[in-house]
Structure formats: structure tokens, C-alpha cells
Chemist: 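Quick one: this structure, given as C-alpha cells, is what I'll be asking you about.
Position 1 is the first residue of the sequence, and the numbers go up from there.
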Amino acid sequence: MEREFNDQEKVRRQKMEDLRAKGIDPFGHAYERTANSKSIREDYDGFNKEELETKNVEVSIAGRIMSKRRMGKMCFMHILDKDGQIQLVINKADVGEEVYELVKANDIGDIIGVKGVVYRTNPNDNNPKGELSVYVKEYTHLSKALRPLPEKFHGLTDVEERYRRRYVDLIMNDEARRIAFLRPRIIRAIQQNFDRQGLVEVETPVLNPILGGASARPFITHHNALNKEFYLRIATELYLKRLIVGGMEGVYEIGRLFRNEGMDLKHNPEFTTVEAYVAYSDLEGMMKLCEDLFEEVSMKVLGTTELQTGDHSISLKAPFKRVNMTDAVNEKTGKDFRNISLEEAEEVCKTFHIELQKHEHDLGHIINNLFETLCEEDMTGPVFVYGHPLEISPLAKKDPEDPRFTLRFELYINGTEYANAFTELNDPIDQYERFENQLKAKELGDDEASDMDLDYVEALEYGMPPTGGIGIGIDRFVMLLAGTDSIREVLLFPTMKPREGEKNTVRKIENTNEVIDFSKVEIEPLFEEMVDFDAFAKSDFRAVKVLACEAVPKSKKLLKFTLNDGTDTPRTILSGIHEYYEPEELIGKTCIAIVNLPSKAMMGIDSCGMLISAVHHEEGAEKLHLLQVDDHIPAGAKLY
């Protein structure tokens with residue numbers, strides 16, 4: 001593939017060749033360092049110019065050139081290493097003319113190594129002490145930068161580009177570097193906390209043959225040697241609890257999870273959690289573990305438990321507030337959801353414009369929907385929300401005082417969930433029934449419901465001690481302690497939407513022998529009533545390009561499409577297909593829409609037209625495919 005370069009890039013490539021002509025490798029070799037910017041500041045910032053001259057401390061350092069200014073036979077540079085910048089002072093008289101020519105020819109972004117003495121420049125109005133520096137005696141070129149860095153004072157101003165080119169962001173952005181080094185310190189502090197309590201860190205499989213441990217839509221991959229489909233894990237829970245059955249008593253795993261769902265400020269398709277399980281513990285034990293962990297980690301990495309997040313002051317000092325989920329819903333609705341009929345509960349949902357999916361017509365799902373819609377954002381916390389309904393908690397033990405609810409809590413801070421914990425269900429008969437209920441929910445269209453994990457049930461039949469378990473979102477915990485509201489800031493390489501016009505380079509493995517079984521498909525009978533041809537001809541079917549697609553807030557069904565219909569004005573159409581597609585997978589697709597229907601308001605948004613889908617039934621379940629056509633068809637092309 002032929003590449004094109006701008007003038008600056010061409011000049012830099014010529015300088016690369018000039019180095020080679022001088023016998024210098026443009027991309028260098030190992031370089032031994034004896035100091036860095038941090039150690040020099042820590043050890044010598046307290047000394048003045050004369051004291052440093054007396055000490056004559058020799059150092060060898062390396063880094064990337066970030067600034068450069070020449071004054072005759074003197075050159076001043078700042079180089080950047082992982083801990084920050086330090087100034088270099090280069091005098092032609094000390095390094096010699098040949099080396100000084102190299103210094104003159106180098107570019108911002110080049111990586112160099114120098115040996116010299118710790119030095120302080122003469123005091124001036126801007127720096128009364130003088131600037132702590134290294135006075136260079138030897139200069140070594142290490143690596144040529146063939147691309148110029150972004151302009152100094154603006155860096156990467158496009159946020160999307162910052163995430164795509166994190167390597168440049170880390171060079172230009174002190175805050176990005178701060179978070180990058182803060183994250184591993186937080187993870188280390190979590191490990192130290194659990195290790196101190198006697199828990200053992202373990203590893204469990206990423207490829208799972210059965211979907212379980214959480215309610216989420218999975219990624220699916222194919223194992224060629226076994227000719228078998230596997231899920232990328234959505235949770236580590238069930239394997240870890242097998243280890244409790246095996247007698248390990250206290251285990252935890254910090255691991256990557258994968259959920260084939262939407263992306264926003266708090267969600268990325270792959271993310272990191274820690275799950276911990278402790279034998280002979282329960283919900284109270286997990287609350288204490290959680291409080292102790294958040295308080296200790298905050299003190300270790302920040303030196304305080306008092307945080308400022310947005311407009312809220314948050315204290316991670318234990319104990320945390322506790323709120324019962326049903327009580328919170330009762331307070332917002334004025335109803336008693338412990339003593340209410342299903343019909344009345346469904347009417348409450350209608351009052352608050354909450355759409356229930358087929359599998360959600362029970363009190364448990366309704367309470368959860370109402371909590372998420374009406375109460376969640378008020379949980380500034382830290383607050384333990386406890387007492388979740390049985391229907392949404394297939395792995396938690398029932399509350400003995402009211403078996404309609406479970407011994408479960410979620411930790412909320414600023415309306416965001418940070419942890420999820422149970423008194424674990426260790427009754428194999430009850431667990432088997434819960435799995436069966438999950439299968440029924442799946443039949444009703446819940447594609448996040450768990451599969452039947454018979455091996456896990458059999459593990460419980462060997463006997464699992466009473467156990468407490470907790471899962472904590474590490475990415476969100478890092479966001480909290482780093483003081484950022486976007487998950488992409490705490491992930492070095494977050495998942496990104498494709499650029500406009502970007503081709504998918506992932507190679508599809510086509511199964512040329514695939515036989516599609518249509519034997520169980522149920523098709524609606526064809527209409528017997530004929531339609532007037534002239535009336536039908538007035539329907540304007542057009543090819544449309546999906547410019548943007550996003551979930552409609554507080555709707556589990558609706559997607560909002562921004563479409564190019566061939567005119568200069570983007571068209572908005574809402575379509576209730578979210579249970580079949582995630583928004584990001586439809587961006588850039590070419591679809592078919594009727595564009596001359598009257599505008600219709602849905603969830604307060606005007607929908608101007610209708611996208612065409614193909615619908616059928618299979619084994620009692622509705623299946624839907626959005627009609628997508630060849631991308632060579634231009635936006636606005638009319639269908640006949």
C-alpha cells in the first residue's frame with residue numbers, strides 16, 4: 001500500500017537518511033541510565049547553583065525531546081521520561097562541533113540519551129532559583145521520530161483521536177500519564193487488601209462453553225480444533241464458587257470480562273472486575289469487606305478518603321449508608337410494592353413511561369425497572385442498596401424473612417453501581433430451579449438470561465459452605481479515584497467506533513458448508529386483500545445510510561437513527577429493534593426506509609419515517625432482521 005507524506009514527514013525521513021550516512025543508526029540501541037527526571041528532582045532540587053557545582057554529580061538519562069531553543073553556541077532542551085520533564089543544557093564547546101551539528105539537526109519528538117552533571121541555570125525573574133538541569137557532556141541519538149508531535153499548547157484536541165492514538169496522548173497529556181500510572185497502583189492495593197485477609201488469587205477460563213454468572217449479551221467465538229462455539233466470559237463467578245466447593249475457602253480473580261452491549265461514558269465491551277468469594281461469610285461480611293477495601297485503597301493511593309466528584313463530596317470512610325430497594329421504590333411511587341397486584345404494578349410503570357419487555361411482567365422486574373428509572377440517580381452514597389427481588393438475582397440466596405427477595409446488595413456512588421454482592425445460593429435444588437426459570441426467560445426473549453449449568457449444580461451437590469461473594473468494577477473504581485467521569489480515560493486502549501469510511505479488516509471465517517434450517521420457521525399468511533396500485537406507488541422507499549445510532553434513554557426497545565436520505569438534512573427515525581441489535585453495529589450500514597410517512601413523536605422524539613425489517617417466528621419466538629443492502633447503493637436511491 002503506497003503511503004503519502006506531508007512536507008514535515010519528508011524532511012524527517014531525509015534526516016533519518018542523513019544519520020545513516022554518518023554511520024548512526026536512526027533507531028539506536030540499548031542505553032544505560034543512572035537517573036531519571038524524578039530522582040534528580042527528589043535528590044537535588046534543594047541545592048543551589050554553587051552547591052551543585054561543588055557536588056559535581058554525574059548522571060546518565062534518556063528521554064524524548066519536548067522543546068528546544070538555541071542561543072548561538074548553546075542549546076536548551078526539555079526531555080520527557082515516564083516521570084516528567086527535565087532541562088538539558090548543551091554547550092558546543094563541551095560536546096564538540098560534530099555532536100553539536102547532531103543537536104542542531106534533531107527534531108521535537110526524537111529520543112536521545114545524555115551524560116552530564118546535575119546543574120542549575122542562573123536565576124532570573126521567572127525562576128529566582130534557576131532551573132534544575134543536566135549540563136551535557138556526552139550526547140547519543142537513540143531513535144528518530146518520523147512524525148511531528150501535535151502543537152505544544154493544544155496537543156490532541158479531538159477526544160476521539162486521544163483515545164485512538166493513546167501513545168501520542170501519553171506523550172502530550174500529563175493527566176493521561178497520571179491516570180495510566182494510577183491504575184496499576186489501585187489494582188496492586190486491591191491485591192494487597194485481599195492477600196492480607198488470606199484470600200488466594202486465582203485464574204479461571206476466558207472461553208466458557210456455557211453462558212452464566214451474570215445477565216448480559218455475550219461475544220461468541222469458534223474453536224477450530226474442537227469445532228465448538230465458546231462464549232467470551234461475562235463473569236468469573238461460577239468457576240470461583242467451584243473452587244469454594246473444592247475447599248480453597250477464600251479466592252479472588254482480577255480479570256477481563258466481555259459483554260456484547262452498548263458503549264457510553266460508563267461502559268466498554270471489555271472491562272476489568274475483581275470477584276471475591278469467602279467461605280463461612282455472608283452479606284454482612286461482604287459489606288464489611290467492601291467498606292474496608294474502598295477505604296484502604298483510597299488511603300493508600302490518594303492519602304485520603306474524602307473525594308470531590310462533580311458537585312458531590314464523597315467520603316469512603318466506613319460505615320456506608322444502607323437503603324432497601326423496595327423501600328426506595330415505595331417512596332418514589334407512593335405505592336407499597338410488598339403488597340401490590342401485578343396489574344396495579346404494571347399501571348405504575350405506564351405512569352412513569354416504562355416499557356416492559358415480555359419477560360419482565362412480574363413484580364421483581366418491575367421493582368428493578370422502577371428503581372433504575374426513579375431512584376438510581378439519587379444514590380449519591382456511598383450507599384448499599386439491598387434486598388433485590390428474586391427474579392433478577394438467580395445466584396443469590398433467598399431472604400428467609402421474605403423469600404420473594406434475596407440477600408444481595410449493590411454499592412452505589414453518585415448514581416453509579418460499583419459493586420454487586422450476595423449471600424451466595426448454595427442449595428443445589430433451588431439453584432437448579434433458578435436456572436430453569438432463566439431458560440424460560442430466554443424463551444420469552446431475554447437474550448441476557450443464563451444457560452443451564454448442570455456441572456455447577458452438580459458441584460453444589462457435593463456441598464458448598466455458606467459463602468459471601470462480591471464483584472467490583474475496577475474501571476469504575478479507578479474512575480472514582482482518578483476523578484474522571486469517562487471509562488475511556490482509565491482504559492489505555494478503549495474500544496472505538498470505526499472512523500467514517502474505515503473498512504473492517506477482521507477476517508470473517510466463512511463456513512461454506514453451512515446449511516440453514518428453515519424447517520421451524522413460521523411465516524405469517526400472505527394478505528388476501530389487494531392494495532390499490534396507485535396508493536401503494538405513493539409510498540416512497542429509499543436507501544438510507546446510518547450516520548449515527550444510539551439507544552433512546554429510558555427505553556429498552558428504541559434505537560434512534562440519524563440517517564442520510566440523499567438530501568442535505570439528516571433524517572431521524574426511531575425503531576424498536578434494540579433487543580436484536582446494538583447501536584454501534586449498525587453505524588455505516590445501508591438500509592431501506594419509507595420516508596414520506598407523517599412525523600410521529602416517540603419518547604418525546606419526532607420519528608420521520610420507518611425502517612424496514614423482516615420478521616418471522618421460530619419455535620414460538622419472534623425473530624427480526626433489519627433489511628440491509630449493498631453499500632454500493634447510494635443514499636437516496638429510490639426503490640421500485
Chemist: Regarding Gln357 and Glu579, is there a side-chain donor-to-acceptor distance under 3.5 Å anywhere?
Modeler: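 Per modelled atom types, Gln357 and Glu579 side chains form no pair under 3.5 Å.
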Chemist: Applying the side-chain contact (heavy atoms from CB on, under 4.5 Å) test to Asp362, which of His359, Glu360, His365 qualifies?
Modeler: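 Among the candidates, only His365 passes.
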Chemist: Does this structure show an ion pair linking Arg217 with Glu582, if we count only N-O contacts that are shorter than 4.0 Å?
Modeler: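 Yes, Arg217 and Glu582 are salt-bridged.
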Chemist: Under 3.5 Å, is there a donor-acceptor pair between the Arg488 and Asn268 side chains?
Modeler: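 There is no such pair between these side chains.
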Chemist: Is Lys397 salt-bridged to Asp430, going by a charged N under 4.0 Å from an acidic O?
Modeler: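 Result for this pair is no, no salt bridge flagged.
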Chemist: Could you tell me if the side chain of Thr406 sits less than 4.5 Å from the side chain of Asp399, heavy atoms only?
Modeler: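 Side-chain contact under 4.5 Å: no.
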Chemist: Should the pair Phe258 and Phe219 be assigned to parallel (<30°), tilted (30 to 60°) or perpendicular (>60°) ring geometry?
Modeler: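 Aromatic pair Phe258/Phe219 classed perpendicular.
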Chemist: Any side-chain donor-acceptor pair under 3.5 Å between Glu622 and Tyr580?
Modeler: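 There is such a pair (donor and acceptor under 3.5 Å, judged by atom type) between the side chains of Glu622 and Tyr580.
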Chemist: Under 30°, 30 to 60°, or over 60°: which ring-plane class applies to Tyr252 and Phe194, parallel, tilted or perpendicular?
Modeler: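 Because their plane-to-plane angle lies in the 30° to 60° range, the rings of Tyr252 and Phe194 count as tilted.
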Chemist: In this structure, are over 12 heavy atoms from other groups packed under 6.0 Å from Glu203 atom CD?
Modeler: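 No - once you tally the heavy atoms of other residues, nucleotides and ligands closer than 6.0 Å, there are 12 at most.
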Chemist: Is the shortest side-chain N to carboxylate O distance from Asp485 to Lys266 below 4.0 Å?
Modeler: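 A salt bridge is absent here (no side-chain N lies under 4.0 Å from a carboxylate O).
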Chemist: Do NZ/NE/NH1/NH2 and the carboxylate oxygens of Glu270 and Arg256 come within less than 4.0 Å?
Modeler: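 Looking at Arg256 together with Glu270, the answer is yes, because their closest N to O distance falls below 4.0 Å.
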Chemist: Does a side-chain N-to-carboxylate-O contact under 4.0 Å join Lys350 and Glu347?
Modeler: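 The answer is yes: the pair qualifies as a salt bridge.
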Chemist: Any ion pair linking Asp195 and Arg188 (charged N to carboxylate O, less than 4.0 Å)?
Modeler: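 Salt bridge absent between Arg188 and Asp195.
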Chemist: Are a donor atom and an acceptor atom from the side chains of Asn369 and Lys556 found within less than 3.5 Å of each other?
Modeler: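 Note: Asn369 and Lys556 side chains meet the donor-acceptor criterion.
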Chemist: State, without any angle test, whether Glu433 and Asn437 hold a side-chain donor-acceptor pair at a distance under 3.5 Å.
Modeler: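 Note: Glu433 and Asn437 side chains miss the donor-acceptor criterion.
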Chemist: Is a donor from one side chain sitting under 3.5 angstrom from an acceptor on the other, for Arg434 and Gln431?
Modeler: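 No - no donor-acceptor pair under 3.5 Å links their side chains.
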